[in-house]
Participant: 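Below is the structure I would like to discuss, written out as structure tokens.
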Amino acid sequence: MHTQNRITTLALATTAAMALALTAPLAAAEPDDHFVIHDSEQTREELASVIREFAENEEDWIFLAEFALAGGDITALKVCYLPLGPDILDAGLHVGAMMPCGHIGLYEENGGTKLSMLHPKFMTTLQPHPSLERAVENAEPAFETLLDHVLGGP
């Protein structure tokens with residue numbers, strides 16, 4: 001009987017702790033160097049339009065998708081820089097899931113618009129390989145050009 005009370009008490013304590021964990025607000029993680037984050041004075045709609053226009057009009061780029069996430073709080077875009085494909089696939093066909101695409105999120109925070117993009121080096125973190133190192137070296141200037149165009153940089 002005494003053991004049963006201990007088990008019941010432990011079960012109740014565990015249930016209470018889980019209920020608190022599931023209902024407590026989540027703390028956002030700070031972005032690491034795998035994310036490129038920029039502030040913009042443009043709206044999400046304006047940024048999305050400029051990104052789409054860039055990718056559709058540049059020979060080596062394609063625009064794949066635009067969709068809402070988080071109940072519309074995030075505008076997600078996917079654009080691809082095609083010249084990276086051969087280097088990415090040289091690392092193995094399984095790496096095709098990381099095709100030469102930029103995964104971009106547009107959202108509002110503290111009264112301003114933010115653009116967040118995975119840095120191309122995420123590929124070498126997930127799958128170290130010399131051909132992916134080459135892909136990252138070629139991707140960095142291409143995506144910098146995209147961001148400069150979109151954000152009005154140099």
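In this text the structure is predicted, and so the values were computed from the model without any measurement.
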Participant: Taking C-beta and beyond as the side chain, do Phe67 and Leu77 meet within less than 4.5 Å on heavy atoms?
Facilitator: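 Not in contact.
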Participant: Side-chain donor-acceptor pair under 3.5 Å between Thr75 and Arg44, yes or no?
Facilitator: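 Yes, Arg44 and Thr75 have a side-chain donor paired with an acceptor closer than 3.5 Å.
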Participant: Could you give all pairs that pass the salt bridge (Lys or Arg N to Asp or Glu O under 4.0 Å) test and reach residues 67-86, with sequence neighbours left out?
Facilitator: none
Participant: At their closest point, which heavy atom of Leu69 faces which heavy atom of Ala76, and how far apart are they?
Facilitator: CD1-CB, 3.7 Å
Participant: Given side chains that start at C-beta, do those of Leu146 and Ile104 come closer than 4.5 Å, heavy atoms only?
Facilitator: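 Side-chain contact under 4.5 Å: yes.
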Participant: State which residues pass side chain to side chain donor-acceptor pair (under 3.5 Å) with Glu109; sequence neighbours excluded, sorted by chain then number.
Facilitator: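 Expected list: none.
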Participant: Quick check, are the ring centers of His34 and Phe122 under 6.0 angstrom apart?
Facilitator: no
Participant: Hey, mind stepping through Arg52 and Glu66 against salt bridge (charged side-chain N to carboxylate O under 4.0 Å, His left out) and telling me if it holds?
Facilitator: CA-CA 9 Å; Arg52 177 188 293 266; Glu66 176 180 342; 3.3 Å; yes
Participant: Is there a side chain to side chain contact (heavy atoms under 4.5 Å, CB included) between Ile51 and Val79? Walk through the geometry before answering.
Facilitator: CA-CA 8 Å; Ile51 292 167; Val79 296; 3.8 Å; yes
Participant: Any idea which heavy atoms bring Ala48 and Leu106 closest together, and the distance?
Facilitator: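 In terms of heavy atoms, the two residues are closest at N-CD1, 3.6 Å.
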Participant: Taking side chain as C-beta onward, heavy atoms only, is Leu89 less than 4.5 Å from Val95?
Facilitator: no
Participant: Write down the atom of Ile88, the atom of Leu132, and the distance for their closest heavy-atom approach.
Facilitator: CA-CD2, 3.7 Å
Participant: Please check if any side-chain donor atom of His149 sits under 3.5 Å from a side-chain acceptor atom of Glu53, or the reverse.
Facilitator: yes
Participant: Can you name the nearest heavy-atom pair linking Pro86 to Leu82, along with the distance?
Facilitator: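 That closest heavy-atom pairing would be CD-O, 4.1 Å.
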Participant: If the plane angle is over 60° it's perpendicular, under 30° parallel, otherwise tilted; pick one for Trp61 and Tyr81.
Facilitator: tilted
Participant: Run Met117 and His103 through side chain to side chain contact (heavy atoms under 4.5 Å, CB included) and show every step you take.
Facilitator: CA-CA 6 Å; Met117 184 179 88; His103 309 279; 6.0 Å; no
Participant: Has the side chain of Ser49 got a donor or acceptor atom that lies under 3.5 Å from a matching backbone atom of Glu45?
Facilitator: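 No, the answer is negative, given that no donor and acceptor are paired below the 3.5 Å cut-off.
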Participant: Apply the test side chain to side chain contact (heavy atoms under 4.5 Å, CB included) to residues Leu147 and Leu115: give CA-CA distance (whole Å), side-chain angles for both, the deciding distance (0.1 Å), then the verdict.
Facilitator: CA-CA 9 Å; Leu147 293 174; Leu115 180 152; 3.7 Å; yes
